[in-house]
Amino acid sequence: MTAEIEALQILKRISEVIASNDDIGAVFSEIVNILAERLETDVCSIYVLDEEKNDLVLAATCGLNRDLVGEIRLEPGDGITGAAFMRHEVINVASAAEHKSYRHFGDLGEDRYKSFLSSPLLIGSRAVGVLNLQRLVEEKFPDEIVDMVNSLSTQIANLVLSAKMLKALSSLDEGVAKGSVPPVRRQQMHKGIVANSGIAVGRACVYQAEESLEGVDPATDLPADQEIDMLEKALRQARKETVELEEVAVSLISEADASIFDVHLMILEDKSLIESVRESISKGYSLEYAIKHVNSLYQGRFRQMEDEIFRDKAADFKDVMLRLLKIGRALKRGEALSDSGIAVAAAGEVVVARELLPSEVFRLASANILGIITEKGSRTSHVAVLAKALNIPALLGVKNLVSHVREDDTVILDCNAGLCYINPDDDIRSRYEEILKAQLQTEEDTDPGCGSGTADGTQVFLRANIS
């Protein structure tokens, strides 16, 4: 297994731990256990900077005395750990005791461990802690381990930052409980499922779908045969728009990712589905109500499926049915048929919604939005696939979100830690702006003229990387 694949698997494990645990101490404890196991090291420890006391405190360890977690403290520059923190560079030595910065802690149980790897946890140019590895054997850690630690340190650094924010939020809650008056729009933090990593800071755009299956009138003034004729026309137009949508998608993302719209075409060609709509119309219902009725029927079937991947396709089905409804309404009103884009979001905004359907995600991307947060969705949904393909930071499954967000609220979306902040305080916002500034500087330092390609001129695109 290559170092890159191993690092990706470790990151996946860490993300799962973050998503399933609200206790930050337990999260750190699980992370050091994971790293010790996957990196085949005897000791793994995390130190976090206590900014109030300006020292490094042992936050978690696997292999050393866990009773000293929260007790062992180092000044920046003290010991190998403090030296790595101060210098912002990795220290990798075969014998820790022979290093000039070595400091002995008898009660920790470090005496028998020889090799020592200390990596600062950096966010931009700022160190927030240190990750240490130790082994019994007296030899330096190999380069592939050092590379993996460098990559993993970014994820852990973001987690450390999130832990500090959780503490700040806890203090704020205590102040409210004691009777202090909170600001009108005080800071909130919400947790969700990471669909695509990244960080975004921007205004909130609370998205409402253009079309809805609610409030559809079952009555119709048209004979059933005319309603069915409208259905056939709507199906043809829906297929045409879906093909056009896929063609545009292929021009922007890979064919494999764009192929999710093939699922939409299959739905529109499904004989059983179409016959169910016809049957509802033949009973005297309007085209719109027949579409709503069949959607409700199939959504119930999707919910009964055991496989999560199949259940996630309910969003694709609803997407198709809404498209059909929109076209049917336009036909009845004599309006021009067009698949217009969504204009409710603008560049610099983070879209907040109860649910986003695949076609909506694709169209919103054209508005250069910064990120997506939804109450519904999972890692296996097509919304997650599109967010990755379009490189939009996305957080799904954030419970009861929309009711807590107002238009133009400030939003910080941290899809490295699986968190979002609504109206963050100045300290938290400044920290994330520092991260974004460091990322921008890295991009500017990269020569835009240095493309990737083969000797014969074929361009090669970067499709994935770590950190």
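Position 1 is the first residue of the sequence; numbering continues from there.
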Practice task
Begin from the C-alpha positions of D414 and Y421 and carry the test side chain to side chain donor-acceptor pair (under 3.5 Å) through to its verdict.
Solution key: CA-CA 8 Å; D414 183 351; Y421 301 88; 5.5 Å; no

Problem - Residue list, ring-ring contact (aromatic ring centres under 6.0 Å, His included) with F116, at least two apart or on another chain - result: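 Partners of F116 by the ring-ring contact (aromatic ring centres under 6.0 Å, His included) criterion come out as none, since no residue qualifies.
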
Exercise for the section: Go through the structure and list residues passing ring-ring contact (aromatic ring centres under 6.0 Å, His included) with F317, not counting sequence neighbours. Expected result: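 Applying ring-ring contact (aromatic ring centres under 6.0 Å, His included) to F317 gives Y298, F302.
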
Within-4.5 Å side-chain heavy-atom neighbours: [X] and [Y]:
| X | Y | value |
| --- | --- | --- |
| L401 | V405 | yes |
| L56 | T81 | yes |
| F105 | L68 | no |
| M148 | R38 | no |
| R135 | V43 | no |
| V243 | E246 | no |
| L122 | H88 | yes |
| L436 | I199 | yes |

Practice task
List the steps and the verdict of side chain to side chain donor-acceptor pair (under 3.5 Å) for H404 and D409.
Solution key: CA-CA 10 Å; H404 292 92; D409 275 351; over 6 Å; no

Problem - Polar side chain donor-acceptor pair, S118 to N132, under 3.5 angstrom - result: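 Short answer, yes.
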
Handout entry: Ion pair check, K318 and E355, cut-off under 4.0 Å
Key =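 So K318 pairs with E355 through a salt bridge.
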
Handout entry: N-O pairing of R431 and D427 below 4.0 Å
Key =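 Yes, this pair counts.
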
Practice task
Please lay out, stage by stage, how S115 and E139 fare under the test side-chain contact (heavy atoms from CB on, under 4.5 Å).
Solution key: CA-CA 6 Å; S115 57; E139 60 182 28; 5.7 Å; no

Examine distances only and state if a side-chain atom of [X] and a backbone atom of [Y] form a donor-acceptor pair shorter than 3.5 Å.
| X | Y | answer |
| --- | --- | --- |
| S197 | C415 | no |
| S381 | G377 | no |
| Q187 | I422 | no |
| N33 | S29 | yes |

Practice task
Give a yes or no on whether M266 atom CE has more than 12 heavy-atom contacts from other residues, nucleotides or ligands under 6.0 Å away.
Solution key: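 Result for CE/M266: open.
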
Practice task
Tell me, yes or no, whether the heavy-atom count around D111 atom CG, taken from other residues, nucleotides or ligands under 6.0 Å, exceeds 12.
Solution key: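 Atom CG in D111 is crowded, with more than 12 foreign heavy atoms closer than 6.0 Å.
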
Minimum-distance pair of heavy atoms, taken over all atoms of [X] and [Y]:
| X | Y | result |
| --- | --- | --- |
| V90 | P120 | N-CD, 4.0 Å |
| V402 | V352 | CG2-CG1, 4.3 Å |
| V351 | L356 | CG1-CD1, 4.3 Å |
| V201 | L370 | O-CD1, 3.3 Å |
| A315 | P358 | O-CD, 4.2 Å |
| Y113 | G63 | OH-O, 3.4 Å |

Exercise for the section: Please check if the distance between the ring centroids of Y102 and H99 is under 6.0 Å. Expected result: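 Distance test on ring centres: not under 6.0 Å, no.
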
Mind checking the [atom1]-[atom2] spacing from [X] to [Y]? Nearest 0.5 Å is all I need.
| X | Y | atom1 | atom2 | answer |
| --- | --- | --- | --- | --- |
| F261 | I267 | CZ | CD1 | 11.5 Å |
| L121 | F85 | CG | CZ | 9.0 Å |
| I91 | L117 | CD1 | CG | 9.5 Å |
| C205 | I373 | SG | CD1 | 11.5 Å |

Handout entry: Test salt bridge (charged side-chain N to carboxylate O under 4.0 Å, His left out) applied to E110 - qualifying residues, sequence neighbours left out
Key =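 Salt bridge (charged side-chain N to carboxylate O under 4.0 Å, His left out) check on E110 returns nothing, list empty.
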
Practice task
Give the intermediate values and the outcome of side chain to side chain donor-acceptor pair (under 3.5 Å) for residues D319 and S359.
Solution key: CA-CA 7 Å; D319 198 355; S359 63; 2.7 Å; yes

Problem - Criterion side-chain contact (heavy atoms from CB on, under 4.5 Å) on I193 and R379, from CA distance to verdict - result: CA-CA 7 Å; I193 300 166; R379 290 189 183 92; 3.5 Å; yes

Exercise for the section: Quick one: do N295 and Q299 satisfy side chain to side chain donor-acceptor pair (under 3.5 Å)? Show the steps, please. Expected result: CA-CA 6 Å; N295 177 71; Q299 293 296 329; 3.2 Å; yes

Problem - Partner set under side chain to side chain donor-acceptor pair (under 3.5 Å) for S45, not counting sequence neighbours - result: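 For S45, the residues satisfying side chain to side chain donor-acceptor pair (under 3.5 Å) (neighbours in sequence not counted) are T61.
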
Practice task
Can you tell me which residue pairs pass the salt bridge (Lys or Arg N to Asp or Glu O under 4.0 Å) test with a partner in residues 58-81, sequence neighbours excluded?
Solution key: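 The answer is D50-R73, D55-R73, D78-R103.
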
Exercise for the section: Mind jotting down which residue pairs meet the salt bridge (Lys or Arg N to Asp or Glu O under 4.0 Å) criterion with at least one end in residues 368-378? Sequence neighbours excluded, please. Expected result: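 Passing the test, one end in residues 368-378: R354-E375.
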
Practice task
For T410 and R429, run side-chain contact (heavy atoms from CB on, under 4.5 Å): C-alpha distance rounded to whole Å, both residues' side-chain angles, the deciding distance at 0.1 Å, then the answer.
Solution key: CA-CA 9 Å; T410 298; R429 181 166 182 167; 3.3 Å; yes

